[in-house]
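Here the structure is a predicted model, which means the values were calculated and not measured. Hydrogens, waters and symmetry mates are skipped; everything else that's a heavy atom, side chains included, is used. Atoms within each ligand, like the ligands themselves, are counted from 1 in listed order.
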Amino acid sequence: MSVLDEILVGVAEDLETRMAATSLDDLKQQASRQPPALDPMPAFRSDGVSVIAEVKRSSPSEGKLATIKDPAALAADYAAGGAAAISVLTEERRFGGTLADLRAVRGTVDVPLLRKDFITTSYQLWEARAAGADMALLIVAALEQIALESLIERARSIGLTPLVEVNDEAEVHRAVDAGANLIGVNARNLKTLEVDRGTFDRLAPLIPDTAVKVAASGVRGPRDVIDYAKSGANVVLVGETLVRGDDPRATVADLVAAGAHPALQHRW
Ligand SMILES: O=P(O)(O)OC[C@@H](O)[C@@H](O)c1c[nH]c2ccccc12
């Protein structure tokens, strides 16, 4: 079984527990009490490279990354540093996240929020919206094409912007065919956990210019932001580098400054 398959088994078990505790109707009610979802696309389409900063405690490849006692305080630092959006891992077993983290972050920051999880059902989309998310991750490698298409549609009907994640050529084609307009190229292969920063360079030309291109994983500092930008990234998604550093606000600000470099302007 690949790492991705193992993760999906655990996610399905945890989902069953939550579904037994909270009905879909309850979730829909909670979602209806949230303010309307924020649209991240205008900021993502602006000049320069936007930064999505991630709240991430652990990862399957590295184990524990950081303690993060107060995810809302960390998110507030990210926002103060200039993050255009914040990603909150809610997968529990491998990434140490929870939906409570997402709710706490929502209570504190007003930038768009991404629910970062292994979403295979519309129930999880409703959970995301009920917790205050504005975006939801859909991983092509984890979904049949029909499920991908219907989850993209369902996400949008709930008000969520779907971020569709790919790792190879065939997955880019599937994402584009399914109508994705916010496409994340993950440099980490979720089946093997290997990081290859060249993946973005290879796949970006296959993504139509009408879509926003997100480069995810493996950003160690400003140099990587500039490299991804030169290869056509509109957005970078950064986790480990931010949670491991001791001044997340300044680290985000450095990445944002690199992405705002004049040489990278006017690429639309
Ligand atoms: O910590 P990094 O290398 O900066 O990576 C962040 C993000 O890209 C990574 O957490 C990620 C990308 N796609 C995912 C899918 C599921 C879980 C996690 C991820």
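Residue-ligand proximity: Leu137 is placed with a non-hydrogen atom under 4.0 Å from ligand 1. Assignment of Leu237 to the shell around ligand 1 is supported, since a heavy atom sits closer than 4.0 Å.
For the pair Asp227 and Arg197, the salt-bridge criterion is not met [side-chain N within less than 4.0 Å of a carboxylate O]. Under 4.0 Å is where a charged nitrogen must lie from a carboxylate oxygen, and between Arg18 and Asp14 no such pair does. The residues Asp134 and Arg106 are annotated as salt-bridged, a charged nitrogen and a carboxylate oxygen being separated by less than 4.0 angstrom.
No option in Asn234, Leu163, Leu138, Ile152 other than Leu163 meets the side-chain contact (heavy atoms from CB on, under 4.5 Å) test with Leu182.
The Glu165 neighbourhood of ligand 1 comprises atoms 12 (C), 13 (N), 14 (C), 15 (C), with distances under 4.0 Å to a heavy atom of that residue. The distance from ligand 1 to the heavy atoms of Lys56 drops below 4.0 Å at these ligand atoms: 1 (O), 2 (P), 5 (O), 6 (C), 9 (C), 10 (O). For ligand 1 and Val238, the ligand atoms under 4.0 Å from any heavy atom of the residue are 4 (O). Atom numbering of ligand 1 starts at 1 in the shown order; those under 4.0 Å from a heavy atom of Arg188 are 3 (O).
Annotation: atom 3 (O) of ligand 1 to nearest protein heavy atom, Gly218 N, 3.0 Å. For atom 8 (O) of ligand 1, the closest heavy atom belonging to the protein is Ser217 OG, 2.8 Å. Protein heavy atom at the shortest distance from atom 17 (C) of ligand 1 is Phe95 CZ, 3.4 Å. In terms of protein heavy-atom proximity, atom 16 (C) of ligand 1 is nearest to Phe118 CZ, 3.4 Å. Among all non-hydrogen protein atoms, the one lying nearest atom 10 (O) of ligand 1 is Glu54 OE2, 2.5 Å.
By heavy-atom distance, the residue among Arg220, Glu240, Lys116 lying nearest atom 14 (C) of ligand 1 is Lys116.
Within a 6.0 Å sphere centred on CD of Glu169, other residues, nucleotides and ligands contribute more than 12 heavy atoms.
Taking the salt bridge (charged side-chain N to carboxylate O under 4.0 Å, His left out) definition, one finds that Arg33 meets it with nothing, sequence neighbours left out.
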Quiz: residues 244-257 side-chain donor-acceptor pairs under 3.5 angstrom, not counting sequence neighbours:
from: Arg244; atom 1: NH1; to: Glu240; atom 2: OE2; distance (Å): 2.8
from: Asp247; atom 1: OD1; to: Ala250; atom 2: N; distance (Å): 3.2
from: Thr251; atom 1: OG1; to: Asp247; atom 2: O; distance (Å): 2.8

